[in-house]
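The structure appears below as structure tokens.
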There are 2 protein chains.
Amino acid sequence: MRTAHKPRSEMIAETRAKLIAAARRAFATVGYANASMDDFTAEAGLTRGALYHHFGDKKGLFEAVVAQIDTEMCERLNKISSRAKTRWQGFLDENIGYVEMALDPEIQRIVLRDGPAVLGDPALWPNANNCISSLTRNLAALKEEGVVRDMDPDAMARLISGASLYAAQWVANSDDPAATSIKAVKAFRALMEGLLVDGKADA
Amino acid sequence: MRTAHKPRSEMIAETRAKLIAAARRAFATVGYANASMDDFTAEAGLTRGALYHHFGDKKGLFEAVVAQIDTEMCERLNKISSRAKTRWQGFLDENIGYVEMALDPEIQRIVLRDGPAVLGDPALWPNANNCISSLTRNLAALKEEGVVRDMDPDAMARLISGASLYAAQWVANSDDPAATSIKAVKAFRALMEGLLVDGKADA
DNA sequence: TTAATTGACATACGATCCGTATGCAATTAT
DNA sequence: ATAATTGCATACGGATCGTATGTCAATTAA
């Protein structure tokens, strides 16, 4: 009576969002294993009951958090690659953007560190598949256009995302992330230029 | 009285080995988080008391297990690269050997999946540093000899080990690991050949 | 040889934390 | 208005971890 009642579906979406937000904070700061469900649900003004009702278990909520972050990452990457003038440049920028995103401790901890351990191979996550398949399509197109050498685009996409992922971790864990990031990006660019047909960058 | 007494230091080494072996089996099969200390210490004919005495905590024992596996991996890799005729070939073989090792579920689960989540960035593990620095030295030498293009060997070593690590995970999680392994190795070889000065492999 | 001390390991205990089962209250349907 | 659904809280049992303490054998000292 005293509160202006919103529609029920909206209330539900709100509690889901509150749970995801609180869990996201907890996972990012103390890690998945050390995040107490009692603690961060209370922090959201709720209890574990709500969590189990909406997400099944702790892992289910973790999946939702990862999906949210992953979506944000994909959006940023799409923006980056769409700004590029050439496909090759977009391809480069997208991967470099990925490396630089790992400077975000939230991405570092949740997506890169705990994610694979809790959810398994990142390549099998729904959203990661989107990102990798985008990378694969770009590679295939670049091959068609004669920009890069002959290769299996799918396999190469895995290798490249592995290199950038690892570079990201290296950057994030280094003493001087900014400086290391520059070195990593330069080396990554060199590695990618080796894929060009004539060994000359067109940029 | 009834048992022939071995020297005490030997008994201690034995219990340590038994704990590591039992933990290694448990970590490999059910993963770090689901491995019950009560269970696998009992399986070794001991209790958690011995574990805490020797390794401090669960993570300490996990470190010992990882170190053991890591040492074995390094030995295998060194053998591989020492058999090669040229430095470049050894460099290739060593990395390809790394990819193929990931077919071992023990390595897959303990070193590649749970390891980074529990112990952090693999590049900071003592033994992994040995492996990476070996890779770095090889790259630096190859650059000196004019075999590969100009680059920062340290940064490039990270990227390459990332690519091979990720390829390894891809192989291990695929439906047909043997077939995927072939594709991964081929793509990896192509990626590496891009580093050569003239774009021609000398093998 | 015997007494003292160290140390390897077991046992006991308390504190979390998780998952399920149950309960309640508010909304929706009839 | 009554019944059914459902979002969420509460209550309970079980598993696991870390510490604190105990015990007994092996080494060392006297």
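Naming convention: chains lettered A, B, ... in sequence-line order (proteins, then strands); numbering from 1 in each chain.
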Checklist line | A:Ile12 side-chain proximity, nearest of D:dG7, D:dA9, C:dC9 | finding: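 Selected nucleotide: D:dG7.
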
Note to self: Of the options C:dC9, C:dA8, D:dA9, whose atoms approach the side-chain atoms of A:Leu46 most closely?
What the structure shows: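 Given the options C:dC9, C:dA8, D:dA9, the side chain of A:Leu46 is closest to D:dA9.
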
Note to self: Once rounded to the nearest 0.5 Å, what's the spacing between atom OG1 of B:Thr180 and atom CG of B:Leu103?
What the structure shows: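 Result: 9.5 Å between the selected atoms.
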
Next item on the list: Kindly compute the distance separating CZ (B:Arg76) from CE (B:Met101), expressed to the nearest 0.5 Å.
Entry: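 Taking CZ in B:Arg76 and CE in B:Met101, the distance rounds to 4.0 Å.
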
Hey, could you give me each pair passing salt bridge (charged side-chain N to carboxylate O under 4.0 Å, His left out) that has a residue in [range]? Not counting sequence neighbours.
range: residues 35-48 of chain A; value: A:Arg25-A:Glu43, A:Asp38-A:Arg48
range: residues 55-64 of chain A; value: none
range: residues 159-178 of chain B; value: none
range: residues 77-98 of chain A; value: A:Arg87-A:Glu145

Notebook entry, point to check: A:Asp152: what forms a salt bridge (Lys or Arg N to Asp or Glu O under 4.0 Å) with it, not counting sequence neighbours?
Noted result: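 By the salt bridge (Lys or Arg N to Asp or Glu O under 4.0 Å) rule, A:Asp152 matches B:Lys183.
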
In this structure, how many angstroms lie between the [atom2] atom of [N] and the [atom1] atom of [X], rounded?
X: B:Asp39; N: D:dA15; atom1: CG; atom2: P; result: 10 Å
X: A:Met11; N: C:dA25; atom1: CE; atom2: C1'; result: 13 Å
X: B:Asn34; N: D:dT16; atom1: CG; atom2: C1'; result: 12 Å
X: B:Glu14; N: C:dC9; atom1: CD; atom2: C1'; result: 15 Å
X: A:Asp38; N: D:dC12; atom1: CG; atom2: P; result: 16 Å

Notebook entry, point to check: Using a cut-off of less than 4.0 Å, is there contact between a side-chain N or O of A:Ser36 and OP1 or OP2 of C:dT16?
Noted result: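 No.
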
Next item on the list: Give a yes or no answer on whether the side chain of A:Lys18 reaches the backbone of A:Gly45 with a donor-acceptor pair at less than 3.5 Å.
Entry: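 No, the answer is negative, given that no donor and acceptor are paired below the 3.5 Å cut-off.
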
Margin query: Looking at B:Gly31, is its backbone amide N or carbonyl O close enough to the side chain of B:Asp114 to form a donor-acceptor pair, meaning the two atoms are under 3.5 Å apart?
Written below: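 Flag not set: sc B:Asp114 to bb B:Gly31 has no pair under 3.5 Å.
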
Item checked: Contacts of type side-chain hydrogen bond (donor to acceptor under 3.5 Å, both in side chains), residue B:Arg16, not counting sequence neighbours ->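 Once residues adjacent in sequence are excluded, B:Arg16 has no partner under the side-chain hydrogen bond (donor to acceptor under 3.5 Å, both in side chains) criterion.
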
Checklist line | Helix axis bend for the helix from C:dT1-D:dA30 to C:dT30-D:dA1 - C1'-based end axes, five pairs, 10° rounding | finding: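 Comparing the axis at each end, I get an angle of 0°.
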
Next item on the list: Mind checking ring-ring contact (aromatic ring centres under 6.0 Å, His included) for A:Phe40 and listing every partner two or more places apart, or none if nothing turns up?
Entry: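 Result, ring-ring contact (aromatic ring centres under 6.0 Å, His included) vs A:Phe40: A:Phe27.
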
Margin query: Need one value for B:Ala42: base, sugar-phosphate or nothing, where a base atom within 4.0 Å counts as base even if backbone is also close, heavy atoms only.
Written below: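 Nothing: the residue B:Ala42, judged by heavy atoms under 4.0 Å, touches no strand.
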
Notebook entry, point to check: When we call it a touch if two heavy atoms are under 4.0 Å apart, what does B:Ala33 touch: a base, just sugar-phosphate, or nothing?
Noted result: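 It contacts nothing in the nucleic acid.
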
Note to self: With ring-ring contact (aromatic ring centres under 6.0 Å, His included) as the rule and sequence neighbours excluded, what pairs involving residues 153-175 of chain A come up?
What the structure shows: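 ring-ring contact (aromatic ring centres under 6.0 Å, His included) check on residues 153-175 of chain A returns no pairs.
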
Next item on the list: Determine whether the side chains of B:Arg24 and B:Gln68 contain a donor N or O and an acceptor N or O closer than 3.5 Å.
Entry: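 Checked: B:Arg24/B:Gln68 side chains pair up, N/O donor to acceptor below 3.5 Å.
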
Next item on the list: Residues of residues 51-62 of chain B with any non-hydrogen atom less than 4.0 angstrom from an atom of DNA chain D: list those, numerically ordered, please.
Entry: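 Within this stretch, B:Tyr52, B:Lys58 sit under 4.0 Å of the strand.
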
Item checked: Any residue of residues 16-28 of chain B with a heavy atom less than 4.0 Å from an atom of DNA chain D ->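 By residue number: none to list.
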
Check: Near B:Lys186 NZ, under 6.0 Å, is it more than 12 heavy atoms from other residues, nucleotides or ligands?
Finding: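 Check fails, neighbour count at 12 or below.
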
What does the list of N/O pairs under 3.5 Å between the protein and nucleotides 11-14 of chain C look like, with a distance for each?
none

